[in-house]
J.: 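Just dropping this structure here.
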Amino acid sequence: MNHILYEETGQIGLVTINRPKALNALNSEILAELSAAFDAIDTQKIRCVVLTGAGEKAFVAGADIGEMRDLDSAGGEKFARTGNAVFRKIETFPLPVIAAVNGYALGGGCELALSCDIRICSEQAVFGQPEVGLGITPGFGGTQRLARLVGSGNAMELILSARNIKADEACRIGLVNRVCPPEELMETAMKLAGRIAGNAPVAVRAGKKAIHEGLQVDIEAGLAIEEKLFGSCFATEDQKEGMTAFLEKRKVEKFNNR
Ligand code: CAA
């Protein structure tokens, strides 16, 4: 891969978008590599993924404007479809994905963070959907995921005004979970990933699935999804160990992902 780095620390997978000279802007090549990087993650061994951008300045400064400029209508739609497929893969990835937003998260970069399950950012992060200033709408899910996360009023303001916001405002409107000093960002993200990785894997996956799928349906259907996934946990050794450990007043020895 030319622009994606992947490393593992214990049971945590770290995916880094590595095109810092162009502020990690997403072109077709990077989108394909990002997709392949997630396909290659061993979801039995790894229990949580952290996604970040290389360099000091940017998480991802958007889709590649150079690649988009001369597209026609069909080409634009195809580009959006490609990005959406990759981001949907991340959103529905069986493992939790934490975005560690280390700088600019604009346009497709903000949308990439939105497709992750949890967002932690540095005090230097800047979020925004500048697309209407470029004559386009957000195309990698921004109109859909931003409104679902921060409400339609906040999404309308950000998308229609193309105003960038800093980390503290992003945190205030619920776009990010936490803000930390830049030098503590990766440690904070890895620590949270480690905490997630220490829990029963089948239950963690089921929790992610229940939240995502439940948000797409009415409350009755959502509760039915939860009941099924809750029930499926009782078929695991990890549920027996988790509850037995509690009743025996001891720590869980180890969750075995079974
Ligand atoms: N596409 C292509 N190249 C980009 C880029 C992008 N989205 N963002 C930054 N770059 C490139 C710049 O062209 C520049 O390249 P050169 O050194 O070869 O000139 C390099 O990265 C560094 O950028 P700047 O010199 O502009 O850095 P800066 O510190 O002065 O400004 C910035 C930083 C404010 C983030 C500015 O780069 C910027 O505004 N970038 C574009 C942000 C944007 O509009 N993103 C949305 C794209 S549209 C989209 O994403 C559609 C969608 O929903 C799918």
Side-chain angles (χ1 to χ4, degrees), residues 1-8 13-43 46 48-55 57-119 121 125-146 148-149 159 175 189 212:
M1 291 207 191
N2 290 324
H3 296 300
I4 301 289
L5 306 173
Y6 179 69
E7 59 192 283
E8 293 179 355
L14 174 62
V15 177
T16 305
I17 300 176
N18 184 31
R19 193 194 178 199
K21 280 196 179 138
L23 305 187
N24 303 320
L26 300 171
N27 58 21
S28 298
E29 187 189 4
I30 297 188
L31 287 171
E33 289 186 4
L34 187 57
S35 179
F38 273 85
D39 286 341
I41 294 173
D42 180 344
T43 55
I46 296 302
C48 189
V49 177
V50 175
L51 175 63
T52 194
K57 265 177 89 170
F59 174 67
V60 165
D64 191 309
I65 297 170
E67 183 173 336
M68 286 185 291
R69 187 187 59 182
D70 296 327
L71 293 178
D72 61 10
S73 179
E77 196 176 327
K78 184 163 175 268
F79 190 59
R81 208 176 307 122
T82 303
N84 276 334
V86 181
F87 288 16
R88 187 77 179 128
K89 178 177 286 184
I90 293 171
E91 187 172 49
T92 58
F93 199 65
L95 306 175
V97 183
I98 300 171
V101 180
N102 50 309
Y104 289 111
L106 301 177
C110 186
E111 293 166 304
L112 178 59
L114 288 168
S115 73
C116 298
D117 301 303
I118 297 168
R119 286 149 292 281
C121 77
V126 175
F127 295 83
Q129 299 286 164
E131 286 90 344
V132 295
L134 295 163
I136 57 173
T137 62
F140 291 171
T143 59
Q144 303 307 303
R145 293 195 182 94
L146 190 61
R148 283 168 167 80
L149 187 65
I159 289 173
L175 177 46
H212 278 302

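A quick note: this is a predicted structure, and the numbers were derived from the prediction, not measured.
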J.: Taking Asn27 for the side chain and Ala63 for the main chain, is one N or O donor matched with an acceptor at less than 3.5 Å?
T.: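 Not confirmed, Asn27 side chain does not pair with Ala63 backbone.
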J.: May I ask you to decide if Ile46's main-chain N or O and Glu8's side chain share a donor-acceptor pair within less than 3.5 Å?
T.: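 A pair under 3.5 Å: no.
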J.: Would you find a donor on one side and an acceptor on the other, under 3.5 Å apart, between the side chain of Glu33 and the backbone of His3?
T.: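 Present.
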J.: Is there side-chain contact between Cys121 and Phe127, with heavy atoms separated by less than 4.5 Å?
T.: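 Of all side-chain heavy-atom pairs linking Phe127 with Cys121, at least one is under 4.5 Å.
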J.: Should Ile98 and Cys48 count as side-chain neighbours, where that means a heavy-atom distance under 4.5 Å?
T.: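 Counting from C-beta outward, Ile98 and Cys48 do come under 4.5 Å.
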J.: Is any side-chain heavy atom of Ile17 less than 4.5 Å from a side-chain heavy atom of Ile4?
T.: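 Side chain of Ile17 against side chain of Ile4, heavy atoms only: contact under 4.5 Å found.
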J.: Could you go through the side-chain contact (heavy atoms from CB on, under 4.5 Å) check for Asp39 and Lys89 one step at a time?
T.: CA-CA 9 Å; Asp39 286 341; Lys89 178 177 286 184; 2.8 Å; yes
J.: Would the distance check show the side chain of Asn24 and the main-chain N or O of Arg19 forming a donor-acceptor pair, the cut-off being under 3.5 Å?
T.: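 Checking the backbone N and O of Arg19 against the side chain of Asn24, a donor-acceptor pair under 3.5 Å is found.
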J.: Does Ser28 offer a backbone N or O that forms a donor-acceptor pair with the side chain of Glu67 under 3.5 Å?
T.: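 Present.
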J.: Asp64 versus Ile30: any side-chain heavy-atom pair under 4.5 Å?
T.: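 A side-chain contact under 4.5 Å is absent here.
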J.: Taking the inter-plane angle between the rings of Phe79 and Phe140 on a 0 to 90° scale, is it parallel (under 30°), tilted (30 to 60°) or perpendicular (over 60°)?
T.: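 Tilted: the ring planes of Phe79 and Phe140 meet at 30° to 60°.
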J.: Does any N or O in the side chain of Arg145 come within less than 3.5 Å of the main-chain N or O of Ser115, such that one atom is a donor and the other an acceptor?
T.: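 Flag not set: sc Arg145 to bb Ser115 has no pair under 3.5 Å.
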J.: Can you tell if the side chain of Ile41 reaches within under 4.5 Å of the side chain of Val15, non-hydrogen atoms only?
T.: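 Yes, at least one pair of side-chain atoms sits under 4.5 Å.
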J.: Please give me the minimum heavy-atom distance between Ala105 and Cys110, naming the atom from each residue.
T.: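 Taking every non-hydrogen atom into account, O-CB, 3.2 Å.
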J.: Is there a donor-acceptor pair under 3.5 Å between the side chain of Thr82 and the backbone N or O of Lys78?
T.: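 Judged by distance alone, yes, a pair lies under 3.5 Å.
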J.: What's the verdict on side-chain contact (heavy atoms from CB on, under 4.5 Å) for Ile90 and Val49, showing C-alpha distance, side-chain angles and the deciding distance?
T.: CA-CA 10 Å; Ile90 293 171; Val49 177; over 6 Å; no
J.: Is there side-chain contact between Glu131 and Glu111, with heavy atoms separated by less than 4.5 Å?
T.: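 Yes, their side chains come closer than 4.5 Å.
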J.: Side chains of Leu23 and Leu106, heavy atoms from C-beta outward: is any pair under 4.5 Å?
T.: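 Side chain of Leu23 against side chain of Leu106, heavy atoms only: no contact under 4.5 Å found.
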J.: Given the rule in the side-chain contact (heavy atoms from CB on, under 4.5 Å) test, do Leu14 and Leu5 qualify, once you have shown the distances and angles that lead to the verdict?
T.: CA-CA 8 Å; Leu14 174 62; Leu5 306 173; over 6 Å; no
J.: Flag the pair His212 / Thr92 as yes when at least one side-chain heavy-atom distance between them is below 4.5 Å, and no otherwise.
T.: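 A side-chain contact is absent here, since even the closest heavy-atom pair is not under 4.5 Å.
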J.: So, the side chain of Arg88 versus the backbone of Asn84: is there a donor-acceptor pair under 3.5 Å, distance only?
T.: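 Flag not set: sc Arg88 to bb Asn84 has no pair under 3.5 Å.
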